[in-house]
Protein chains: 2
Amino acid sequence: MKNHMLDKNAQKIVTALEQDARMSFAALGDEIGMSKTPCWNKVQQLQASGVIEGYSAQLNPKALGLTIRALVHVVVDFEHYQAFEQAINAHKAVRSCHAVTGDSDYVLEILASDIEAFDELLRAQLSRLPGVQRFNTAISTRMVKNNGPYAAMLT
Amino acid sequence: MKNHMLDKNAQKIVTALEQDARMSFAALGDEIGMSKTPCWNKVQQLQASGVIEGYSAQLNPKALGLTIRALVHVVVDFEHYQAFEQAINAHKAVRSCHAVTGDSDYVLEILASDIEAFDELLRAQLSRLPGVQRFNTAISTRMVKNNGPYAAMLT
DNA sequence: CAGTTTTTAAGAACATCGTTCTGGAAATAA
DNA sequence: TTATTTCCAGAACGATGTTCTTAAAAACTG
């Protein structure tokens with residue numbers, strides 16, 4: 001959260017590791033034209049400075065049986081927003097939650113195994129979270145693009 | 001995209017690897033109570049079956065200087081939706097794009113380095129993509145939750 | 001400019017890990 | 001039961017992560 005100017009090598013490293021987090025340091029070194037030792041040092045530094053937060057396996061939600069995805073816009077009573085956010089963080093079906101400007105206060109990304117489970121989730125659980133006043137649900141019918149790399153956005 | 005019932009060990013594996021993709025097979029074996037050989041075999045199988053699609057470094061967009069995130073609802077002329085989707089996939093500033101039900105046709109997740117760059121992006125680039133008819137932009141003021149694990153959603 | 005310090009990279013060395021192979025136990029079928 | 005198959009543990013070996021040492025390049029000082 002400090003250095004807003006990564007040097008060229010650091011950019012190549014994060015680009016490569018965002019695409020394949022298990023690449024060996026030797027292979028990483030080949031891509032950026034260094035041996036593996038300074039390469040390893042740079043990665044340690046990127047981790048310590050918070051640029052690299054971790055490494056994650058990319059799972060296929062459909063292969064896990066999670067076939068329904070929805071974007072749910074929520075209006076929340078301002079008095080209870082803290083309890084609402086806490087409940088959102090605890091809820092496993094919520095993949096992401098943004099506080100947003102505009103007509104709604106939050107936008108949730110929610111997954112469910114099928115449409116019945118999603119209906120139950122919406123009616124029995126999310127609507128009863130603290131402070132929730134109104135919903136507006138948009139079912140995602142197709143993922144046109146997913147996980148576009150951050151590293152590619154640097155200029 | 002086939003086996004919708006992962007056994008208990010497979011669930012533990014994807015849970016662990018979604019949290020730390022660089023964990024060693026020995027450590028993975030410790031967590032699920034197996035030696036590393038069958039552990040390695042199961043991971044190979046999960047990759048081959050498409051449950052694990054890859055491994056990615058989790059980058060911190062703020063640390064990269066990407067301070068603005070927005071959810072943009074777009075209405076697209078049906079005649080040009082293919083060209084629109086192609087352009088979205090090619091555009092680096094778009095992190096994700098859902099086709100959705102409801103008032104809009106698509107919801108984009110967009111990042112920019114600052115609000116001026118975002119304004120330029122919206123006016124000069126996205127509004128000129130093929131088929132775009134209307135926008136509705138919600139700036140994300142805070143990430144309440146991010147990357148909630150898929151593996152935790154399995155019942 | 002010369003001399004000093006600091007930074008950065010490369011290569012060797014060693015412990016760890018990924019990957020393969022083999023044998024044997026547990027499960028399934030006949 | 002016997003035979004067949006599936007699954008797991010351990011050994012073995014090559015590849016990799018990590019540390020240490022040294023040297024070259026860069027930055028700084030007089």
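Within every chain, numbering begins at 1; the chains are lettered A, B, ... in the order of the sequence lines, protein sequences first and strands thereafter. Note that the coordinates shown come from a computational prediction; the quantities given were computed from them, not determined experimentally.
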**Request:** Give the intermediate values and the outcome of side chain to side chain contact (heavy atoms under 4.5 Å, CB included) for residues A:Leu154 and B:Leu64.
**Result:** CA-CA 8 Å; A:Leu154 307 176; B:Leu64 295 172; 3.8 Å; yes
**Message:** By the 4.0 Å heavy-atom rule, please label A:Thr37 as base, sugar-phosphate, or nothing.
**Reply:** base
**Request:** Look at all strands and tell whether B:Ser24 reaches a base, only sugar-phosphate, or nothing, counting heavy atoms closer than 4.0 Å.
**Result:**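 The answer is sugar-phosphate, as B:Ser24 gets under 4.0 Å only of primed atoms, P, OP1 or OP2.
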Take the protein atom [atom1] of [X] and the nucleotide atom [atom2] of [N], then report the distance between them rounded to whole Å.
| X | N | atom1 | atom2 | value |
| --- | --- | --- | --- | --- |
| B:Asp7 | D:dC7 | CG | C1' | 12 Å |
| A:Asn41 | D:dT18 | CG | P | 11 Å |
| B:Ile32 | D:dC7 | CD1 | P | 14 Å |
| B:Arg22 | D:dA15 | CZ | P | 19 Å |
| B:Met34 | D:dC7 | CE | P | 11 Å |
| A:Lys42 | D:dG17 | NZ | C1' | 19 Å |
| A:Gln44 | D:dT19 | CD | P | 7 Å |
| B:Phe25 | D:dG17 | CZ | P | 13 Å |

**Complete:** Assert: residue with more 5' nearest nucleotide on DNA chain D, out of B:Gly33 and B:Lys36, is B:Gly33
**Item:** Centroid-centroid distance, A:Phe84 to A:Tyr81, less than 6.0 Å
**Value:** no
**Message:** Looking at A:Trp40, I'd like to know whether one of its side-chain N or O atoms comes within less than 4.0 Å of OP1 or OP2 on D:dT18.
**Reply:**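 Checking A:Trp40 against D:dT18: at least one side-chain N or O falls below 4.0 Å of OP1 or OP2.
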**Electrostatic pair B:Glu109:A:Lys145 at N-O distance under 4.0 angstrom** =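 Looking at A:Lys145 together with B:Glu109, the answer is no, because their closest N to O distance does not fall below 4.0 Å.
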**Verdict with reasoning, B:His73 to A:His73, per ring-ring contact (aromatic ring centres under 6.0 Å, His included)** = CA-CA 12 Å; B:His73 293 240; A:His73 293 240; 5.0 Å; yes
